Amino acid sequence: MRIVDAEVVVTSPGRNYVLLKLTTSDGHTGWGDATLNGRELAVAAYLSEHVLPLLDGRDASRITDTWGFLYRGAYWRRGPVTMTAISAVDQALWDIKGKAAGLPVYELLGGRCRDGVTVYGHASGAGIEETVAGVQDFLDRGYRAVRAQSRIPGLVATYGIGTGVSEVYEPAVGAVPMEEIWETGPYLDFVPRMMARIRAELGYGFDVLHDAHHRLTPIQAATLGRSLEPYRLFWLEDPTPAEDQSAFRVIRSHTITPLAVGEVFNSVWDCQQLIGERLIDYVRTSVTHAGGITHVRRIFDFADLHGVQTGAHGAGDLSPVGIAANLHVDMAIPNFGIQEYMGHVEPTARVFDVGYHYSEGMLHVSDRPGLGVDVNEDAARAYPYVPRQLPVVRLRDGSMHNW
Ligand code: EZ4
Ligand code: CO
């Protein structure tokens, strides 16, 4: 089973997605997600200029060997662009292996450990009342875990807030990013009041999550974590910029609020200390950005050895192919915690034939062979790439901060 064709597909049905399609000599096709939000074309070029020429004629059944060939063979290791590109090849090869075997990928990973993948939804609002209503709306739709984000009074824009109730935020179209102003004081005052209202009005019979999106210092994060303890969060996500791993010793020594980190990580080396020292409770690496199923499985096994559970990134900037790849891993690992699920904007369904479905707080993978997501290439061509930028953040005095 040789790779005889490889193609990069860039499409923008509401958001930009980069996909890799591999075809084998015996007629199987495999799809991989190569989407890196805001830096899409770098991965597309890495693949088409540096990876695709190496794949021609390779044995498609040798997934781990191909992973090592691309990782070690580049000499320049790690980094989001490299690891997203390797991931796309890895996903496509797992998709092919499943199709060749006539089995869904989770069967090849050891079979199902659970009935479905518990997901959390994204509630947001222009203030506390709207956010409480947004959480209630998710509970009404069967979710048992909801992330709550609200606009902060006094701040013009806040991370995670769409234009209407629980509408997901979308990156701005154009070559120049939007600039937002951030103030930590009002945020630290607001979030505990929001969580108090959520618990007072909706009770403790569901899980609530929150994403601080890298905005705090370690001691501010410790302060927030401690003030949220009465509301028993499922997790506080990304309280500080995640590359500073020892910062989490400070946070951890002050609060019992569970911590989740890692959507921006692309290898096990990014979270070696966080997991090895048990400084976090959930690791958020995704198949798409952390080297594919082959590498994410190793991260999640390493986490399991240290009592850390998984909570893979699943925002709308991951294509349905990448989400499906995460779901197959989620089904097959013992230390699954939760899966992020934002869904996709409407035109996405015209490009992707998505095998998984949502029901009663869970996503269910399909039993189609492989990853179970197909791509309509004619439809994909109808949505050409649109430059989009994630926002950037400054403090009141004009200095740069973290979005
Ligand atoms: O900001 O995926 O927890 N989810 C998140 C996401 C990220 C985007 C960045 O591309 O933090 O909303
Ligand atoms: Co996040």
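These numbers come from a predicted model, not from an experiment. When a ligand or atom number is given, it counts from 1 through the structure's own listing order.
The shortest N/O to N/O separation between Glu263 and ligand 1 falls below 3.5 Å. By the 3.5 Å distance cut-off applied to N or O atoms, Trp403 is not counted among the residues near ligand 1. Checked against a 3.5 angstrom limit, the closest N/O atoms of Tyr120 and ligand 1 fall outside it.
Under a 4.0 Å criterion applied to the non-hydrogen atoms of Glu340, ligand 1 contributes the atoms 3 (O), 4 (N). Here is the list of ligand 1 atoms found below 4.0 Å of a heavy atom in Tyr159: 1 (O), 3 (O), 4 (N), 5 (C), 6 (C), 11 (O), 12 (O). Distances below 4.0 Å separate heavy atoms of Arg147 from the following atoms of ligand 1: 3 (O), 4 (N). Near Asp317, meaning under 4.0 Å from one of its heavy atoms, ligand 1 places the atoms 2 (O), 8 (C), 9 (C), 10 (O). Residue-ligand proximity, Arg284 to ligand 1, at heavy-atom distances under 4.0 Å covers atoms 3 (O), 4 (N). Those atoms of ligand 1 with a heavy atom of Asp211 less than 4.0 angstrom away are 3 (O), 4 (N), 5 (C), 11 (O).
Within a 6.0 Å radius of CZ in Arg144, more than 12 heavy atoms belonging to other residues, nucleotides or ligands are found.
One option in His213, His313, His289, Glu237 has a heavy atom closer to atom 3 (O) of ligand 1 than any other, and that option is Glu237.
With hydrogens and angles left out, the side-chain atoms of Trp31 and Thr29 include no donor and acceptor closer than 3.5 Å. For the residue pair Trp94 and Thr294, a side-chain donor N or O sits within less than 3.5 Å of a side-chain acceptor on the partner.
Of all protein N, O or S atoms, those under 2.8 Å from the Co ion (ligand 2) number 3.
Taken from NE2 in His210 to CZ in Arg147, the straight-line distance is 8.5 Å, to the nearest 0.5 Å. In this structure, the separation between CG on Leu233 and CG on Leu228 is 5.5 Å, given to the nearest 0.5 Å.
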Evaluate the criterion side chain to side chain contact (heavy atoms under 4.5 Å, CB included) for residue pair Ser150 and Glu130; output intermediate values, then yes/no. CA-CA 8 Å; Ser150 172; Glu130 239 183 67; over 6 Å; no

Could you go step by step and tell me if Leu224 and Leu216 meet the side chain to side chain contact (heavy atoms under 4.5 Å, CB included) rule? CA-CA 9 Å; Leu224 179 63; Leu216 307 174; 3.8 Å; yes

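Using a 4.0 Å cut-off between a side-chain N of Lys or Arg and a carboxylate O of Asp or Glu, Arg78 and Asp270 qualify as a salt bridge. A salt bridge links Asp189 with Arg193: the distance from a Lys NZ or Arg NE/NH1/NH2 to an Asp or Glu carboxylate oxygen falls below 4.0 Å.
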Report all side-chain donor-acceptor pairs from residues 304-314 shorter than 3.5 Å, counting only partners two or more places apart or in another chain.
{"unit_1": "His306", "atom_1": "ND1", "unit_2": "Phe302", "atom_2": "O", "d": "2.9"}
{"unit_1": "Gln309", "atom_1": "NE2", "unit_2": "Phe336", "atom_2": "O", "d": "3.3"}
{"unit_1": "Thr310", "atom_1": "OG1", "unit_2": "Gly337", "atom_2": "N", "d": "3.3"}

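In this structure, Arg199 satisfies the cation-pi test against Phe206, with its NZ or CZ atom closer than 6.0 Å to the six-membered ring centre and inside 45 degrees of the ring normal.
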